[in-house]
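Each remark here refers to the structure printed beneath this line.
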Amino acid sequence: MSKGGKTIGGLLIFVVIAIMPFLYNMGKADAKPEINTDTPVIRELGATQCIEGTKYMRENHMHLLLEWRDAVVREGKTTYTNSQGEQFEMSLQNTCLNCHNDTPETVYYTAETANQGDNQFCYSCHNYASVEPDCWACHAGPREAEK
């Protein structure tokens, strides 16, 4: 029983050290990213809905992209039919980045330039969620146009 005080003191010190990061960051949450859906292409199209509804795309866009990858690469399918029966080309560049591109002068980028802020539509959310997209490992992505 003589070591009970030291044990309890040690446990208290451990608990305080363990919760310090949480206490330090309390009330300092990052602001949610502002997504620009008013791109030149979307304005020109006049459509404000993606290939699926907003809620679905926010929750499942990565699953959809993985399904597209498997369908195109492994099965040779190139057309996606959404829940409303509309058909879209399964293409990151021609379907997704055709609309979700912040600046008209943004063309294609490489993995090295992708995080430099050219196209914030993708990276604002991915940075907020601490997720690094690996799209550009295989795909040529948007990059700043040659001047």
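This is a predicted model, so every value here is computed, not measured.
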_Distance, nearest 0.5 Å, that separates CZ of R74 from CZ of R69_ = 5.5 Å
_Euclidean distance, L12 CG relative to I17 CD1, rounded to 0.5 Å_ = 11.0 Å
*Would you check if M57 and I51 make a side-chain contact, meaning some heavy-atom pair closer than 4.5 Å?*
yes
*Are side-chain heavy atoms of T95 and Y80 found at a separation under 4.5 Å?*
no
*Starting at CE of M90, measure out to OG1 of T79 and round the result to the nearest 0.5 Å.*
7.0 Å
*May I ask you to test the E52-F88 pair for a side-chain heavy-atom distance under 4.5 Å?*
no
*Measure the NZ-CG distance between K6 and L11 for me, rounded to the nearest 0.5 Å.*
14.5 Å
*Mind checking the CD-CE spacing from E67 to M62? Nearest 0.5 Å is all I need.*
10.5 Å
*If you measure from CH2 on W68 to CG on L92, what distance do you get to the nearest 0.5 Å?*
8.5 Å
*asked:* Please check: side-chain N/O of N82 versus main-chain N/O of E86, any donor-acceptor pairing under 3.5 Å?
replied: yes
